[in-house]
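One structure below.
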Amino acid sequence: MRRTKMIVLGITLVSALGVCAADTFRAGAAKGNITPELGGKIVGGFKPFAAAHVHDDLWVRALVLDDGKTRVAFAVCDLIGISRNVADMARRLVEEETKLPAGHLLVSAVHTHSATSARGSGGLFDLDQKMDAYQIFVARRIADTVRCAINNLAPARVGWGAASEPRHVFNRRWHMKPGTVPMTPLGGTNDVVQFNPGYRNPNLVKPAGPTDPEICFFAVQTPEGKPLALFANYSLHYVGGVRGADISADYFGMFNDRIRQLLGADRQEPPFISIMSNGTSGDINNIDFSKDRQKLPPYAKMRIVANDVAEKVHAAYQTIQWRDHVILGAAFGEIELQLRRPTPEQLAYAKAFLAEQTEASKPNPRRMVYAKRIMEHDRVPATWKFPLQAFRLGDVGIVAIPFEVFCESGLDLKRRSPLKPSFTVELANGCFGYLPTPEQHALGGYETWLGSNRVEIDASNKILDRVLEMLTQLQKAP
Ligand SMILES: [Zn+2]
């Protein structure tokens with residue numbers, strides 16, 4: 001009797017070590033509050049203003065996956081952007097405190113325009129920049145939240161899918177009737193297209209690029225089928241329409257709230273975590289300029305968008321083919337790109353403009369911002385290294401790019417990736433401005449101006465080639 005028991009125990013132990021430990025797929029998720037103090041500057045527009053109210057809290061939402069051999073983590077913050085030093089500090093803390101390799105953690109921002117800044121106040125290419133108190137707080141919260149997600153690791157099944165919601169994405173760059181595009185704040189214009197041209201502008205011709213209506217997602221649930229977490233990706237800049245100087249996570253937060261309700265995953269232990277990340281929305285917003293403006297109360301539009309997107313994801317969620325195990329992979333690399341320099345004409349224009357300004361002159365804030373950025377770019381190094389990441393989750397490919405990526409690049413990645421489906425998380429591990437394609441650079445417009453865009457004209461193609469190489473390597477790995 002005793003002997004039989006010991007044999008059974010022995011077999012159980014062998015299977016526990018040999019099968020479970022090595023092959024059990026596990027997932028853990030957590031969220032941490034990163035709501036700033038009131039009074040900090042909300043920085044979505046050209047004229048920052050002090051936050052006066054919290055409509056809904058800002059969170060970092062983290063999901064950790066472990067296939068028994070490889071562990072990866074995703075942490076998405078309800079912020080307009082995060083500087084590279086915040087992401088680097090969070091990754092370093094996570095590696096020191098949890099042994100999760102720094103390169104296996106993706107840190108990104110959703111791009112809500114109703115948040116104070118975790119981007120710092122110095123130049124983007126200033127190596128000695130000191131982190132401010134809020135940046136340090138955010139980095140610490142990211143690391144702690146990833147650690148909590150690791151603490152929550154439990155056996156899980158995984159699956160993925162895609163839905164489509166074309167009603168809420170519009171290309172915000174428009175071809176205009178010849179001669180009607182306004183002057184740029186850099187002096188003069190060769191722009192063919194105009195961004196955000198205004199509702200029913202009589203000079204509208206056609207949008208300058210496509211949209212991507214796809215919502216890619218992956219999800220984890222317990223072996224018994226209880227939802228644990230969901231990670232979604234939609235290419236929409238943000239929605240907006242808040243009240244006054246409110247702090248809000250925009251539609252991203254409302255989507256997470258609604259999908260939890262639709263999945264019946266309220267008040268779970270540990271809590272269900274949904275994460276809506278931003279796809280490739282550098283040129284995509286929620287406004288149909290060919291129609292009249294809809295007059296809606298504050299928060300109404302983002303609620304509509306969040307509910308519609310959540311319902312589409314919920315429908316596609318029902319068709320998920322759940323798997324007990326998939327292979328995970330992660331790759332981190334840097335790409336060296338040339339930084340743009342101002343032309344002699346731009347420099348002369350900016351110097352003259354800044355020299356004219358006095359305390360009393362109250363310059364146009366947009367012209368002021370661009371004049372300063374031109375001066376900044378006269379002093380930047382010739383090249384700069386930018387972080388790139390790629391992840392594999394079974395058949396799914398995910399890449400992370402530290403720019404506001406154009407929709408065309410995202411569609412290109414989806415077409416060319418060896419992993420299907422694949423998608424891009426933008427504003428990841430830093431934020432270095434817009435990333436238009438060379439074709440869109442040729443059309444001009446806000447996103448292509450020096451200061452909106454900071455890297456060489458061909459950067460989007462070089463980045464795409466590199467992340468596709470990284471995905472190919474991950475796909476080939478045994
Ligand atoms: Zn924006």
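Throughout, numbering of the chain's residues begins at 1 and tracks the sequence.
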For residues 90-98, please give each side-chain donor-acceptor pair under 3.5 Å, one per line with the distance, not counting sequence neighbours.
{"unit_1": "R91", "atom_1": "NE", "unit_2": "A102", "atom_2": "O", "d": "3.2"}
{"unit_1": "R91", "atom_1": "NH1", "unit_2": "N429", "atom_2": "OD1", "d": "2.8"}
{"unit_1": "R91", "atom_1": "NH2", "unit_2": "D88", "atom_2": "OD1", "d": "3.0"}
{"unit_1": "E95", "atom_1": "OE1", "unit_2": "A102", "atom_2": "N", "d": "2.6"}
{"unit_1": "E97", "atom_1": "OE1", "unit_2": "R140", "atom_2": "NH2", "d": "2.8"}
{"unit_1": "E97", "atom_1": "OE2", "unit_2": "R140", "atom_2": "NH1", "d": "3.2"}
{"unit_1": "E97", "atom_1": "OE2", "unit_2": "R140", "atom_2": "NH2", "d": "3.2"}
{"unit_1": "T98", "atom_1": "OG1", "unit_2": "V94", "atom_2": "O", "d": "2.7"}
{"unit_1": "T98", "atom_1": "OG1", "unit_2": "L100", "atom_2": "N", "d": "3.1"}

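- Evaluation of the salt bridge (Lys or Arg N to Asp or Glu O under 4.0 Å) rule for K462 yields E456 as partners, not counting sequence neighbours.
- A side-chain donor-acceptor contact under 3.5 Å links S281 and N278.
- Of the possible donor and acceptor atoms, one in the side chain of R466 sits under 3.5 Å from a partner among the backbone N and O of E334.
- Between S422 and K414 the shortest heavy-atom distance is O-CG, 3.2 Å.
- Using a 3.5 Å distance cut-off with no hydrogens or angles, the side chains of S114 and D246 do not pair a donor with an acceptor.
- No more than 12 heavy atoms of other residues, nucleotides or ligands sit less than 6.0 Å from atom CZ of R303.
- The two residues A459 and L337 make their nearest non-hydrogen contact at CB-CD1, 3.9 Å.
- Scored by the side chain to side chain contact (heavy atoms under 4.5 Å, CB included) test, N171 finds R173, P207, P210, T211, D283, I284 as partners (sequence neighbours excluded).
- Taking R61 as the reference, K31, W59, D78, N256, I273, I275 meet the side chain to side chain contact (heavy atoms under 4.5 Å, CB included) condition, with sequence neighbours excluded.
- Put simply, the side chain of E37 never gets that close to the backbone of A51: no donor and acceptor are under 3.5 Å apart.
- In this structure a side-chain-to-backbone donor-acceptor pair under 3.5 Å is present from Y234 to E165.
- No more than 12 heavy atoms of other residues, nucleotides or ligands sit less than 6.0 Å from atom NZ of K47.
- Taking each heavy atom of F170 and N286 in turn, the nearest pair found is CD1-C, 3.6 Å.
- No donor-acceptor pair closer than 3.5 Å links the side chain of Q261 to the backbone N or O of D257.
- A salt bridge is absent between R172 and E404: the closest approach of a Lys/Arg side-chain nitrogen to an acidic carboxylate oxygen does not fall below 4.0 angstrom.
- Taking the six-membered ring where the residue is Trp, Y434 and H237 present parallel rings, their angle staying beneath 30° rather than reaching 60°.
- Between the side chain of T145 and the backbone N or O of R141, at least one donor-acceptor pair lies under 3.5 Å.
- Considering only residues two or more places apart in sequence or on other chains, F332 meets the ring pair (Phe, Tyr, Trp, His ring centres under 6.0 Å) condition with none of them.
- Close placement of the F432 and F386 rings is indicated, their centers lying within 6.0 Å of each other.
- Here the side chain of Q389 pairs a donor or acceptor atom with the backbone of L105 at under 3.5 angstrom.
- Not a single donor-acceptor pair under 3.5 Å links the side chain of S460 to the backbone N or O of L435.
- Listed by chain and number, the residues in a ring pair (Phe, Tyr, Trp, His ring centres under 6.0 Å) with F49 amount to none (sequence neighbours excluded).
- K301 is linked by a salt bridge (Lys or Arg N to Asp or Glu O under 4.0 Å) to nothing, counting only residues two or more places apart in sequence or in another chain.
- Within the 3.5 Å criterion, the main-chain N or O of A29 finds a donor-acceptor partner in the side chain of N152.
- K312 places a side-chain N or O within 3.5 Å of a backbone atom of S164 that can act as its donor or acceptor partner.
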Can I get a per-line list of side-chain donor-acceptor pairs under 3.5 Å for residues 370-383, giving both atom names and the distance, sequence neighbours left out?
{"unit_1": "Y370", "atom_1": "OH", "unit_2": "S452", "atom_2": "OG", "d": "2.4"}
{"unit_1": "R373", "atom_1": "NH1", "unit_2": "G451", "atom_2": "O", "d": "2.9"}
{"unit_1": "E376", "atom_1": "OE2", "unit_2": "L124", "atom_2": "N", "d": "3.2"}
{"unit_1": "H377", "atom_1": "ND1", "unit_2": "R340", "atom_2": "O", "d": "2.9"}
{"unit_1": "H377", "atom_1": "NE2", "unit_2": "R454", "atom_2": "NH1", "d": "3.0"}
{"unit_1": "R379", "atom_1": "NH1", "unit_2": "M375", "atom_2": "O", "d": "3.4"}
{"unit_1": "T383", "atom_1": "OG1", "unit_2": "E336", "atom_2": "OE2", "d": "2.6"}

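- By the salt bridge (Lys or Arg N to Asp or Glu O under 4.0 Å) test, D191 is found to be paired with no residue, residues two or more places apart in sequence or in another chain being considered.
- Closest heavy-atom contact between Q194 and P197: NE2-CA, 3.8 Å.
- Under 3.5 Å, the side chains of H113 and D250 contain no donor-acceptor pair of N or O atoms.
- If you run side chain to side chain contact (heavy atoms under 4.5 Å, CB included) between L58 and each of N33, T116, I34, V138, only I34 comes through.
- For S248 and D56, the side-chain atoms include at least one donor-acceptor pair closer than 3.5 Å.
- Inspection of the D288 and S290 side chains reveals an N or O donor paired with an N or O acceptor under 3.5 Å.
- A 4.5 Å side-chain heavy-atom check between S235 and E426 finds every atom pair outside the cut-off.
- Using a 3.5 Å distance cut-off with no hydrogens or angles, the side chains of E408 and Q440 do pair a donor with an acceptor.
- Residues meeting the side chain to side chain contact (heavy atoms under 4.5 Å, CB included) test with T70, sequence neighbours left out: D67, V72, H104, L328.
- Every residue two or more places apart in sequence or in another chain that forms a salt bridge (Lys or Arg N to Asp or Glu O under 4.0 Å) with R26 is listed here: D66.
- Residues that satisfy the side chain to side chain contact (heavy atoms under 4.5 Å, CB included) test with S83, not counting sequence neighbours, are N85, V86, Q135.
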